[in-house]
Amino acid sequence: MGCCKAPALIQAQVQMGLVSENEHKSLFRRDSSDSPTCLMEQGGSFSTSLRVHRSPNNTLLQSFNIVILSNKLNLLLPFGPLAILLHYLTDNKGWVFLLSLLGITPLAERLGYATEQLACYTGPTVGGLLNATFGNVTELIISIFALRNGMIRVVQLTLLGSILSNMLLVLGCAFFCGGLVFSRKEQIFDKGNAVVNSGLLLMAVMGLLFPAVLHYTHSEVHAGSSELSLSRFSSCIMLVAYAAYLFFQLKRRQPSSYTPLTEDMNQSEETSDDSEDPEISRWEAIIWLSILTAWVSLLSAYLVDAIEGASVSWKIPISFISVILLPIVGNAAEHAGAIMFAMKDKLDLSLGVAIGSSIQISMFAVPFCVVIGWMMGAQMDLNFQLFETATLFITVIVVAFFIQEGTSNYFKGLMLILCYLIVAASFFVHEDPHQDDA
């Protein structure tokens, strides 16, 4: 990575209280003789001071080489145009869906990289807001196109799948790989933040649970409308709660957490000094963000259009495609980042990536899609159906139990991965009830 070893997401998670301050400081603390420190304690509190970055003066060719040619995952980029070509030349929706899926994968990773680079110029606070916007932009774009096409169930299942993938697969792989590397000890993380985040996820489950219970108990005051009204009201409340959560975490100051760094933290920081400067300029990052977002939007239109055809062609339920296959693409960057930090014994950063992304989707993306659907005239609600809501509820409970001790090992990681396989198998044999708006 160009700007820093830890992505902009990690700076955001520190400000939002999802990541240990010491873990963050070990990555971004600089020697006072070379440059000003990022974080300073003044009078029992601290203030944020941006390091002055030298903006690269890249040519168009150099910028293209840095963003596009430097990443091996970008070998999948040609599959995007090929998917569009096949859309007009053949009726095989299965191939169009698969190629679109492969084409979007590197774009999701590059969106994270461009956000990272831009955050080098804005600082952690604005960088956190940028990440909240672009961190899950792939899922949001796919959801908006699906809403426009009236595929409400695809929207619900895709967002649900992204939450399940982050909490079970991403976190499980991080625990498992970190546990293998540090097999002689238990890795530790801030269990206080983990418990708070679990509570926020349970609040999201509450928002999804009540509309489903209202529907299946047939206790609506106004049949057919109370459920939708409750969903829209709850969505507004969840957005307010998420905004308050961001404000509280961004404004919170914890000077007592700034304890002296250990020697191995200093050694870790020294190895990352050479890669702290951004690789592209501010305007390059903005332009690349615009280009990549536009390209993801274009491919998402073809992807969503081919979902039903792919389900028929492959004889795979739409619920499995939406809950399992689509989220793997959107979570590719988070998956790699969480594993990398766990293998460096930085579990707080891994939890910030996995659980932080789950919170963003459940408390922001889901209610945001309900509000957008409201504006479009689509009856998008928070009733994800009984099977899906129960799956999310059990998943949050399982993850909360695994992280409540503040320790991890490869066994806990393996259990989370196996839980995800059970969830995947369940959706493979689950037939989603037919709905007129699906």
Side-chain angles (χ1 to χ4, degrees), residues 1 5-7 9-10 13 18-20 23 71-73 76 101 105-106 108-109 112 135-136 138-139 160-191 193-194 197-198 201 320 323-362 391-392 394-428:
M1 299 294 184
K5 290 279 183 172
L9 171 61
I10 305 308
Q13 301 302 338
L18 300 175
V19 176
S20 164
E23 291 287 351
N71 188 0
K72 293 181 180 179
L73 190 62
L76 298 176
L101 200 64
T105 303
E109 190 277 333
N136 298 297
T138 306
E139 292 94 333
L160 172 70
S162 190
I163 299 171
L164 298 176
S165 174
N166 275 299
M167 287 197 294
L168 294 177
L169 184 62
V170 175
L171 188 61
C173 287
F175 281 2
F176 182 73
C177 294
L180 290 181
V181 173
F182 299 95
S183 58
R184 296 182 180 272
K185 68 167 187 175
E186 277 198 324
Q187 294 179 289
I188 60 173
F189 52 86
D190 187 344
K191 73 176 181 181
N193 282 332
N197 296 334
S198 298
L201 288 170
F320 180 83
V323 174
I324 305 301
L325 297 184
L326 290 181
I328 289 177
V329 173
N331 295 334
E334 287 95 336
H335 204 153
I339 292 176
M340 178 185 71
F341 291 118
M343 294 177 70
K344 293 181 179 180
D345 200 19
K346 301 184 183 299
L347 259 295
D348 284 300
L349 305 186
S350 295
L351 255 71
V353 172
I355 304 300
S357 184
S358 297
I359 290 174
Q360 286 179 4
I361 295 169
S362 59
T391 302
L392 177 62
I394 294 172
T395 297
V396 172
I397 295 297
V398 168
V399 172
F401 271 105
F402 271 98
I403 65 177
Q404 67 177 347
E405 293 179 348
T407 62
S408 78
N409 49 55
Y410 71 88
F411 176 73
K412 287 185 176 181
L414 180 61
M415 291 301 100
L416 290 175
I417 294 172
L418 294 179
C419 286
Y420 186 74
L421 293 179
I422 293 175
V423 170
S426 300
F427 278 99
F428 188 80

Using a 6.0 Å cut-off, check whether atom CZ of Phe182 has over 12 heavy atoms from anything other than its own residue. yes
First locate atom CG of Leu160, then atom CG of Leu392, and finally report the distance between them rounded to the nearest 0.5 Å. 6.0 Å
Spacing of CD1 belonging to Ile394 relative to CD1 belonging to Ile397, to within rounding of 0.5 Å: 9.0 Å
Which heavy atom of Gly178 sits nearest to which heavy atom of Gln187, and what is that distance? C-OE1, 3.1 Å
Of Val170, Ile324, Val323, which is the lone residue that meets side chain to side chain contact (heavy atoms under 4.5 Å, CB included) with Leu164? Val323
Assign the ring pair Phe189 / Phe175 to parallel, tilted or perpendicular, where the plane angle (0 to 90°) is split at 30° and 60°. parallel
Run Ile422 and Ser426 through side chain to side chain contact (heavy atoms under 4.5 Å, CB included) and show every step you take. CA-CA 6 Å; Ile422 293 175; Ser426 300; 4.2 Å; yes
Closest approach of Leu416 and Gly172, non-hydrogen atoms and distance? CB-CA, 3.7 Å
Rounded distance [0.5 Å steps], OG1 in Thr395 versus CD1 in Ile163: 10.0 Å
Taking atom CD of Gln404 as the centre, does the number of heavy atoms from other residues, nucleotides or ligands within less than 6.0 Å exceed 12? yes
Do Val423 and Cys419 come close enough that some side-chain heavy atom pair is under 4.5 Å? no
Of all heavy-atom pairs linking Ser350 and Ala338, the shortest is OG-O, 2.7 Å
Starting at OG of Ser198, measure out to CZ of Phe401 and round the result to the nearest 0.5 Å. 10.5 Å
What is the distance from atom CG of Leu418 to atom CG of Leu168, rounded to the nearest 0.5 Å? 10.5 Å
Has Ser362 got a side-chain atom pairing as donor or acceptor with Leu201's backbone, closer than 3.5 angstrom? no
Can you see which heavy atom on Leu180 is nearest to which on Tyr410, and at what distance? N-CB, 4.0 Å
Apply side chain to side chain contact (heavy atoms under 4.5 Å, CB included) to residues Asn166 and Leu171 and explain how you reach the verdict. CA-CA 6 Å; Asn166 275 299; Leu171 188 61; over 6 Å; no
For Gly179, does its backbone N or O pair with a side-chain atom of Lys412 as donor and acceptor, under 3.5 Å? no
Apply side chain to side chain contact (heavy atoms under 4.5 Å, CB included) to Asn197 and Leu351, showing your working. CA-CA 10 Å; Asn197 296 334; Leu351 255 71; over 6 Å; no
I need the minimum non-hydrogen distance between Ile339 and Cys173, along with the two atoms involved. CD1-CB, 3.8 Å
Donor-acceptor check, side chain of Ser165 to backbone of Gly161, threshold 3.5 angstrom: yes or no? no
